[in-house]
Structures are given as structure tokens and as C-alpha cells.
Amino acid sequence: MSLLQVEKIEVVYKRVITAVQGVTLSVGAKQIVAILGTNGAGKTTTLRAISGFLGLDDARITEGAISFAGRRIDNAPPHDITARGVVLVPERDKVFPNLTVAENLAVPVSRAGAAERRRQDEQIYQLFPRLAELRQRVGGLLSGGERQMLAIAGALMCRPRLLLVDELSLGLAPVVVQDLTRRLLAVRDELGIAILLVEQSAAAALTIADHAYVMENGRIVLDGDRERLKSHQDVQEFYLGQASGERRSYRAVKQYRRSRRWYG
């Protein structure tokens, strides 16, 4: 049985705007799954639907269901979903800029005992040794990569079973993204935590994802394991082979090939 099961959900903003329609996906225990797509594809909306933060945007799941560990969580409040073990690392506003690294990490575990807190700190600093060097630096002075590390580390302090990461690579240099993807692999392998990763960069996501979904205009248009998507011609052209040309949507590529009788 899947740890997370999303079944044909529809998300509507302001009671009239349909942003996501018919989306079905699953995440297994200790699995890394990616959702790929451009801005506006519906990736972040899907993540916010799973994490319960849609209500802050005047949006709601109007059809379908989301289950975590066999229990329905669609339209549940964020604190309930977090308590069940689903924790979001958001795209923006990742850390408290006026708190130090150590203080940022203390926020999610303020009620933990001293021994538990020390154990969690040690675990986090082993996974992210750079944060150990920056314990007394305030969040607002960290680099983009360091803030992303701190955001992931803070989410891990909530002891999730499923970590939701929104746009891991946004605004970061490739070398930093490579390091972060290795950290996510360690989170999965050493802590046994499943990860659902939303990414515009297929190159980054497909280095670590066991399975991936491609979203376009609020729908899933393609899915498969890492090797299948890496070798898929449309994914190569649109996501992995952009050096020489203008980006076209997956759907536009598909329609173009059909018109030329190239698409099988």
C-alpha cells in the first residue's frame, strides 16, 4: 500500500478558478517521487493540497481524495496533517530571518525534552555539517543554498514520515543543487523518510527520483520511473535538451509531432 495516495483531485481557487483537475499520484514508503513542470503547471497547488495550506489561498479540494497512511487528509488543516507526519518545505519564506540557525531549528521542537533535542540536533548536524558551522548566524545572512538546507533541516525536526519539498533548485547554482540532492538521498536512506519533490529542473529531480510525474495545465500528462522519463523523447526535448532553443510545452511538442506524424 502507498504511503501517500492522491486520487483524481480537483482544486478550485476563489470558488471559480480550477487550477488542478483529475490529478492522481502516489508515493511509497522510503520513495523519492518528483513532480515536474513549468510555472503555472499546478505543481505547487498539488503540494499545498497535500499539506493542507490551500485554505490560506482561498482554495479548496472540490473532488477526489488524498490519503496518508490509509487515512483521509484532504481539506484537513495544516497542523493536523503535520502532526500525522507530512511536512512541507515551502518555495518561499523558508526560514525566520531574525533567528539564528540554532534558534530556527529549536522552533519545531520547543516542547521536546533536553535529551530528545540533543539527539535531533546531533542527527541534523551530521546530515548538514555546514549548519553546525553556522549555528549562531542569523537566517537572513545565509546564502540561498544554506537557507534551503536550514529549511529542510527545520522540517526534519518535526520528525516527518513524508517530506514535501517545493522547488529545491530555485535560484541556486548547479553545484549547490547537486549537494542538496545528495542530502535528500541521505535523508531517505539514513532516516527512511519518503520525499515528494516539486521541481522545474528535470535534470536535478531525475538524478534522485524513483518515479516522476509531468504536469501541464493542472493535469498529469506523463509519468514513469527515472530511466523511462530520462529516455522519453518529449522529456529530453522539453526538459533536458534546452541549450539551443525556445522552451515549448509538453502538449505543444506532442501536438506538433502528431501534425508531422512523428509521435507514436
Side-chain angles (χ1 to χ4, degrees), residues 34-35 39-40 43-45 47-48 50-59 77-79 81-83 85-114 116-160 162-188 190-191 193 195-201 204-205 208:
I35 305 176
N39 280 334
K43 309 183 307 297
T44 292
T45 295
L47 223 57
R48 290 177 76 79
I50 295 167
S51 60
F53 283 96
L54 282 176
L56 301 179
D57 305 321
D58 193 15
H79 62 273
I81 294 174
T82 299
V86 181
V87 180
L88 173 67
V89 179
E91 178 182 347
R92 293 182 172 85
D93 300 324
K94 297 176 183 294
V95 303
F96 295 103
N98 296 323
L99 299 183
T100 67
V101 166
E103 289 167 341
N104 266 274
L105 293 178
V107 172
V109 292
S110 57
R111 297 183 181 179
E116 175 64 12
R117 170 68 195 281
R118 284 194 298 271
R119 188 193 67 79
Q120 287 187 267
D121 281 351
E122 181 180 348
Q123 190 177 65
I124 289 300
Y125 291 136
Q126 286 176 350
L127 284 167
F128 301 98
R130 177 62 178 157
L131 295 182
E133 301 171 8
L134 300 170
R135 293 183 202 203
Q136 300 309 313
R137 184 169 298 182
V138 296
L141 296 181
L142 300 177
S143 69
E146 291 163 350
R147 284 196 300 272
Q148 186 68 279
M149 282 186 194
L150 180 56
I152 294 169
L156 293 177
M157 297 296 270
C158 297
R159 305 177 67 179
L162 173 64
L163 188 67
L164 310 177
V165 182
D166 195 359
E167 298 293 3
L168 177 77
S169 68
L170 186 66
L172 301 180
V175 65
V176 176
V177 176
Q178 290 173 8
D179 181 62
L180 288 170
T181 54
R182 288 195 295 268
R183 305 292 173 192
L184 287 184
L185 276 176
V187 167
R188 191 271 305 273
E190 297 178 24
L191 304 183
I193 296 172
I195 298 169
L196 179 59
L197 172 67
V198 154
E199 259 299 326
Q200 288 191 57
S201 172
I208 61 171

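Only heavy atoms go into these numbers, but all of them, side chains included; no hydrogens, no water, no symmetry mates. Computed from a prediction, not measured in an experiment: that's the story for all the values here.
Atom CG in Leu185 sits 6.0 Å away from atom CZ in Arg188 (nearest 0.5 Å). Distance OG1/Thr45 to CG/Asp57: 7.5 Å, rounded to 0.5 Å. Rounding to the nearest 0.5 Å gives a distance of 6.5 Å between CD of Glu146 and CZ of Arg137. In this structure, CG in Leu168 is found 5.5 Å from CD1 in Ile152, a value given to the nearest 0.5 Å. Atom CZ of Arg147 sits about 11.5 Å away from atom CG of Asn104, to the nearest 0.5 Å. Note that OG1 of Thr100 is 8.5 Å distant from CG of Leu105, once rounded to the nearest 0.5 Å.
Residues Ala205 and Glu199 approach most closely at CB-CB, 4.0 Å, considering heavy atoms. For Ser51 against Leu164, the heavy-atom pair with the smallest separation is CB-CD1, 3.7 Å. What you find for Arg183 and Leu127 is that their closest heavy atoms are NH1-O, 3.2 Å. Across all non-hydrogen atoms, the minimal contact from Lys43 to Ile35 is CD-O, 3.7 Å. Of all heavy-atom pairs between Ile81 and Ile50, the closest is CD1-O, 3.5 Å. Scanning all heavy atoms of the two residues, the minimum distance from Ala151 to Val89 falls at CB-CG1, 3.8 Å.
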Stepwise salt bridge (Lys or Arg N to Asp or Glu O under 4.0 Å) check, Arg130 with Glu133: CA-CA 5 Å; Arg130 177 62 178 157; Glu133 301 171 8; 2.7 Å; yes
Stepwise side chain to side chain contact (heavy atoms under 4.5 Å, CB included) check, Phe128 with Val101: CA-CA 12 Å; Phe128 301 98; Val101 166; over 6 Å; no
Test side chain to side chain contact (heavy atoms under 4.5 Å, CB included) applied to Glu91 and Leu47, step by step: CA-CA 10 Å; Glu91 178 182 347; Leu47 223 57; over 6 Å; no
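Within a 6.0 Å sphere centred on OH of Tyr125, other residues, nucleotides and ligands contribute more than 12 heavy atoms.
Within the 3.5 Å criterion, the main-chain N or O of Leu170 finds no donor-acceptor partner in the side chain of Gln200.
Side-chain contact between Leu150 and Lys94 is absent, with no heavy atoms from C-beta onward closer than 4.5 Å. You'll find the side chain of Ile195 stays beyond 4.5 Å of the side chain of Ile208, heavy atoms only. Side-chain contact between Leu191 and Gln123 is present, with heavy atoms from C-beta onward closer than 4.5 Å.
The pair Asp179-Arg182 counts as a salt bridge, with a side-chain nitrogen and a carboxylate oxygen less than 4.0 angstrom apart.
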